[in-house]
Amino acid sequence: MFELAPRLLAVLDGGDPIVVATAVDVQGSAPSGTGTSMAVLPGGEVVGTISGGCVEGALYDSAEQVLATGVPVLERFGFEDPSDPLADWAPGLRCGGRVEVLVHRVLPTDTVVVDALRAAAAGTPTSLGLSLDAASLGSVVTASDGCRTRVFTEYAGGRARCIVVGAVEFAVAVTNTAAMLGYAVTVVDPRPVFLTDQRFPAAQERVVGWPPRVLADTAIGPDTVVIVLTHDERFDAEVLDLALRRGAGYVGAMGSRATHERRLSVLRDLGTPDAGRLRSPIGLDIGAETPAEMALSIMAEVVAVRRGAPGGALVGGSGPVHRRPVAVEDVVSR
């Protein structure tokens, strides 16, 4: 439910309860991953989705029941084997997967849950454990609980940072797209006339300064995305060298193949390690032309690189469409 945190907090802070349905276990192919949530708000408004439409109707009915009674339920969908004791549970998932969904009510006075939502909305790393045992279903579980129980733990790792170098028109679209995907975006450019609040309202931070100096004083690590859009040979290679040396999770630069070769030559002279990680020309090949299309191409490549995916078309492939870690665990007190 952390992906819905700002919207949920707006309701809870207003004094109203909500009902949250969260996918706590997913097996096989399914439209969404573990931890994906939908919520039913006062007046029947629905935000978020579990399956893109397969099971939302049934979950809405469950949510109304849970809102009235306060008693959480664990729904199961997609068990299509007739011999399976859960085969009569309906509806199923069209893609053939299986999903368990915890439906529980959250009150404004549930301080542990509300505090976790507030931390997630602020971009602070946080986690929340909820019991999946029948006797304590939906209860918050902490490490000090002296029992063995099946627990779903939801994590919010904090907002990854995206540093965009160059306040060009493409950067406006990239900033908007990156912010929509949850990144905390910093835009860097030495020209104050281009780097304005009006042009970059989605940026968390706008820094006017010489890019190599700015990045030298900025924390960069595996969760950092560095996108260079400037075409400025005075500092482009130096910025890329710094980002690669610091171990940024994604480093990309806009430019032609000829520009890329010139940059590689400079990086070789600088002794840049891991220069092969540089994504240039930047973005996936989707035939992008407009700034918005280029932003889509660039951020799609960012997602693919950070997730370790090939970034090609799904059609003609094999194996599961969705890759997911196991999110349900046994917690044993010691």
Side-chain angles (χ1 to χ4, degrees), residues 3 29-33 36 49 52 95 157 159-188 200 202-203 211 215 220-232 236-237 239-244 246-264 267 272 274-325:
E3 77 274 18
S29 180
S32 300
T36 304
T49 184
C95 50
R159 298 176 70 189
R161 167 174 281 183
C162 178
I163 301 174
V164 178
V165 180
V168 298
E169 195 61 27
F170 289 107
V172 175
V174 169
T175 298
N176 292 339
T177 305
M180 181 184 68
L181 292 173
Y183 287 88
V185 185
T186 297
V187 185
V188 182
F200 293 93
L215 266 69
I220 295 175
D223 286 335
T224 308
V225 170
V226 178
I227 298 172
V228 177
L229 304 175
T230 47
H231 294 87
D232 195 322
D236 278 2
V239 167
L240 296 171
D241 173 74
L242 191 154
L244 290 165
R246 295 273 195 86
Y250 174 94
V251 183
M254 181 175 283
S256 66
R257 298 190 190 281
T259 299
H260 173 63
E261 291 302 322
R262 288 198 301 273
R263 286 176 179 149
L264 282 182
L267 292 177
T272 305
D274 297 329
R277 290 201 301 115
L278 174 61
R279 311 295 294 197
S280 176
I282 197 170
L284 298 184
D285 184 5
I286 61 171
E289 295 181 358
T290 67
E293 290 173 345
M294 283 300 303
L296 176 64
S297 166
I298 291 168
M299 293 311 300
E301 183 178 61
V302 168
V303 172
V305 169
R306 297 193 70 216
R307 297 278 172 83
L314 290 171
V315 63
S318 61
V321 172
H322 306 282
R323 307 174 183 182
R324 301 189 182 90

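Residues: numbered from 1 along the sequence shown. Values below: all heavy atoms of this structure, side chains included; hydrogens, waters and symmetry mates excluded.
Using a distance-only test at 3.5 Å, with no hydrogens or angles considered, no donor-acceptor pair links the side chain of Ser297 to the main chain of Glu293. A donor-acceptor pair under 3.5 Å is absent between the side-chain atoms of Arg279 and the main chain of Val302, judged by distance alone.
Residues Met294 and Phe170 share a closest heavy-atom pair of CG-CE2, 3.5 Å. Ala243 and Val226 get closest at one heavy-atom pair: CB-CG2, 3.9 Å. Across every non-hydrogen atom of Glu301 and Gly283, the tightest pair is OE1-N, 2.9 Å. Here the closest non-hydrogen pair linking Ala237 and Leu267 is O-CD2, 3.5 Å. The shortest non-hydrogen separation linking Ala275 to Leu264 is O-CD2, 4.3 Å. Nearest heavy-atom pair across Arg263 and Ser280 is NH1-OG, 4.0 Å.
Looking only at side-chain heavy atoms (C-beta outward), Pro291 and Val172 stay at 4.5 Å or farther from each other. With contacts defined as side-chain heavy-atom distances shorter than 4.5 Å, the pair Glu3/Thr36 qualifies.
Looking at Val251, Thr186, Ile163 one by one, the single match for side-chain contact (heavy atoms from CB on, under 4.5 Å) with Thr224 turns out to be Ile163. Tested against Val164 for a side-chain contact (heavy atoms from CB on, under 4.5 Å), the candidates Val188, Leu229, Ile298, Thr230 yield a single pass: Leu229.
Taking CD1 of Ile227 as the reference point, atom CD1 of Ile282 lies at 5.0 Å (rounded to 0.5 Å). Between atom CZ of residue Arg161 and atom CG of residue Asp223 there is a gap of 11.5 Å, rounded to the nearest 0.5 Å. Between Leu240 atom CG and Leu278 atom CG the span is 5.5 Å, to the nearest 0.5 Å. Glu261 CD to Thr259 OG1: the interatomic distance, rounded to the nearest 0.5 Å, is 10.0 Å.
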All N/O donor-acceptor pairs, side-chain side in residues 177-185, below 3.5 Å, sequence neighbours left out:
| from | atom 1 | to | atom 2 | distance (Å) |
| --- | --- | --- | --- | --- |
| Thr177 | OG1 | Ala173 | O | 2.9 |
| Tyr183 | OH | Arg306 | NH1 | 3.0 |

